[in-house]
Amino acid sequence: MSLAAESPVHSSSSSDDFAAFLDAELDVASSDTSPDEDQDDEENDDDEEDFQEPSAKRQKVEDLEPTKELEGSNVNTSSEPMDEDICPPHPGFIKGMCMRCGQIEEDESGVAFGYIHKDLRLNSKEIDRLRGVDLKNLLEAKKLILILDLDHTVLNSARLVEISAEEEYLRHQALSMQADADRSIFELPGMHLLTKLRPFVRTFLEEATKMFEIYIYTMADRAYALEIAKILDPDKVYFDNRIISNADCTKRHQKGLDVVLGAESLVLIMDDTEIVWQRHKENLILMERYHFFASSRRQFGFSTKSLSETKKDESESDGILSIVLNVLKRAHQMFFDAFLEKKLSAKDITELSSRDVRKVLKLIRQEILQGCKIVFSRVFPSSARAEDQPIWKLAQQLGAICSTEVDASVTHVVSTDKTTEKARWALQNGKFLVNVHWIEAANFLWSRQREEDFQITSSPKNPPD
Amino acid sequence: MFFHIQLERNMQLHPRHFGPHLRDKLVAKLMKDVEGTCSGRHGFVVAITGVDDIGKGLIREGTGFVTFPVKYQCVVFRPFKGEILEAVVTMVNKMGFFAEAGPVQIFVSNHLIPDDMEFQSGDVPNYTTSDGSVKIQKECEVRLKIIGTRVDATEIFCIGTIKDDFLGVTSDPGAAA
Ligand SMILES: [Mg+2]
Ligand SMILES: [Zn+2]
């Protein structure tokens with residue numbers, strides 16, 4: 001079987017060596033023939049298998065670089081060894097290539113920033129440098145950094161298979177309201193999930209973005225995070241590429257600010273899960289969990305009807321997100337203070353650089369139970385060291401004074417039982433007697449709560465409603 | 001850089017295509033298989049411009065497929081270190097910016113952006129000179145120099161610089177609009 005008759009005149013040249021061709025074409029002053037010429041005669045004509053050009057050829061190609069530049073870099077390395085702009089050390093790599101000198105290095109050092117580019121790694125000095133630049137830029141824009149968790153913080157998702165009959169109406173809503181830009185219920189395409197946004201979240205983002213550069217930071221996977229980002233930020237004005245997901249975490253089951261290219265002193269975090277922020281508790285605004293779906297409540301051990309089943313929801317105007325937005329506004333106001341109204345000079349920036357939003361948050365928190373003196377009764381075992389108890393520490397962070405002994409200056413007795421000696425003392429002496437949720441609620445709602453709403457009932461485990 | 005070169009490939013064809021249009025079938029398959037692909041040595045195959053020779057077919061035992069050695073002319077695109085390219089900016093962030101020249105992805109880090117250009121975040125992140133006269137943002141065209149290339153099976157990735165004479169923005173959609 002031959003097709004030669006149909007073919008044009010047979011070309012005598014066999015498969016040209018491309019690099020040799022290039023050398024000739026570009027008139028490189030080099031007379032030696034490539035030593036690996038023989039190897040290049042492809043035994044197998046499948047080009048795709050030949051990804052890496054032999055090193056001798058690459059060498060030649062590199063020689064094409066203008067000599068001026070080569071001389072330039074030689075001068076630099078010899079006379080200015082301390083110059084910060086000279087490689088090595090390489091500041092970071094993208095696809096294994098130094099982002100400053102283009103050199104290929106196969107070592108996998110540095111921190112991966114997969115959410116910015118899937119093959120980006122930065123060394124620690126470069127991260128510091130970028131944080132420094134970012135700090136200056138943000139302060140100039142009078143902005144801080146806000147890290148936003150997704151699940152239970154700004155939304156609640158449930159798997160479709162877990163949607164109960166009573167919740168079925170929500171799927172219809174998600175479908176029928178598809179054209180409505182303001183809807184809050186979504187079925188995520190291809191993910192078999194139903195997602196409910198927390199009330200007020202759209203206003204929250206609109207307001208927060210004026211004061212903060214916002215990052216999404218979730219332990220869920222990237223595909224989910226991106227899908228949610230599309231819902232929260234359809235016009236792509238809030239998050240840009242600042243969407244961090246589980247693949248980006250450098251420690252298992254921990255969220256860290258190490259993958260955030262911003263200064264920790266500017267960061268506030270909103271998350272419903274405290275333990276993942278082990279290293280950054282001072283930045284954290286702990287969020288009361290948003291449970292909308294029945295499956296979500298069950299996962300966290302609640303047996304009562306969910307918001308979805310009772311067709312209720314958190315308040316739009318004074319729900320948690322609205323409350324936290326006010327905290328953010330105050331923190332931002334207190335941080336920038338008098339600088340908010342003026343055009344910032346270089347000196348102002350330096351001054352602001354030394355400020356720390358963690359201290360501001362601490363101050364705001366301490367106002368919540370200011371003036372309260374609390375004694376605990378049967379809240380933790382009497383054998384335990386009171387100062388080590390989380391609830392004790394929490395009350396102190398909220399500005400209360402904690403004591404183990406009752407005296408006239410005590411304002412509140414926090415107890416699990418109305419019949420303890422201290423509880424009876426409180427009632428006899430006209431002091432407030434409340435359950436522990438009074439402190440937790442103050443923590444989540446950022447204000448002292450009405451004591452009447454936190455009476456001790458026969459079943460002390462009931463959450464306040 | 002573009003090159004017009006001759007390449008060779010073994011094409012496998014199912015016997016059902018044998019007939020008066022065998023050559024057309026082979027050429028069509030060649031275009032489908034090769035155009036748009038990338039190889040480390042040659043770069044991207046942009047277009048096939050002619051078929052020089054189709055050799056004798058060899059029947060593969062057991063399958064009935066026939067392998068034809070085909071020599072063809074094509075235009076390839078392959079960036080080189082030191083080469084100047086025009087590219088379109090696709091993404092800007094505090095690390096630098098990404099740009100595309102046809103199928104080639106290029107990253108220009110902020111180390112290789114002139115020092116007088118600073119990053120501005122916001123709705124449309126950009127790098128701008130202090131006087132605001134030059135702005136790099138998504139969609140604008142830049143002239144850059146390649147300082148490193150890396151070739152994978154399916155893509156060529158480059159590191160570029162605009163920190164040199166006559167490099168930088170060549171068109172700014174923001175200003176034109
Ligand atoms: Mg969460
Ligand atoms: Zn380098």
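For the atom pair NE2 (B:H111) and SG (A:C87), the distance works out to 8.0 Å, reported to the nearest 0.5 Å. We find the CD1-SG distance between B:I147 and A:C98 to be 7.0 Å, quoted to the nearest 0.5 Å. Rounded to the nearest 0.5 angstrom, B:M91 CE and A:D240 CG are separated by 7.5 Å. The CD atom of B:Q120 lies 8.5 Å from the CD atom of A:E140; values are rounded to the nearest 0.5 Å. Atom CG of B:N93 sits about 11.5 Å away from atom CZ of A:F113, to the nearest 0.5 Å. How far CG of A:L130 is from CZ of B:F119: 10.5 Å, rounded to the nearest 0.5 Å.
Heavy-atom neighbours of B:H14 NE2 from other residues, nucleotides or ligands within 6.0 Å: above the threshold of 12. More than 12 heavy atoms of other residues, nucleotides or ligands shown are found within 6.0 angstrom of NZ on A:K142.
Using a distance-only test at 3.5 Å, with no hydrogens or angles considered, a donor-acceptor pair links the side chain of B:R150 to the main chain of A:K95. For the pair B:S109 (side chain) and A:M99 (backbone), a donor-acceptor distance under 3.5 Å is present.
A:L122 is listed as a side-chain neighbour of B:M95, based on a closest heavy-atom distance under 4.5 Å. Side-chain contact between B:K94 and A:D134 is present, with at least one heavy-atom pair separated by less than 4.5 Å.
Of the atoms belonging to A:K210, not a single heavy atom falls under 4.5 Å from chain B. Heavy-atom distances place both the backbone and the side chain of B:F157 under 4.5 Å from chain A. Heavy atoms closer than 4.5 Å to chain A are found nowhere in B:V27, neither backbone nor side chain. With a 4.5 Å cut-off on non-hydrogen atoms, B:E155 touches chain A through its side chain but not through its backbone. Of the atoms belonging to A:Q103, not a single heavy atom falls under 4.5 Å from chain B. Only the side chain of B:E118 comes within contact range of chain A, with heavy atoms under 4.5 Å apart.
Among the candidates A:N137, A:I94, A:V237, the residue making the largest number of heavy-atom pairs closer than 4.5 Å to chain B is A:I94.
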Passes side-chain hydrogen bond (donor to acceptor under 3.5 Å, both in side chains), A:R129 versus B:N110? Steps please.
CA-CA 11 Å; A:R129 188 189 72 85; B:N110 55 16; 2.9 Å; yes

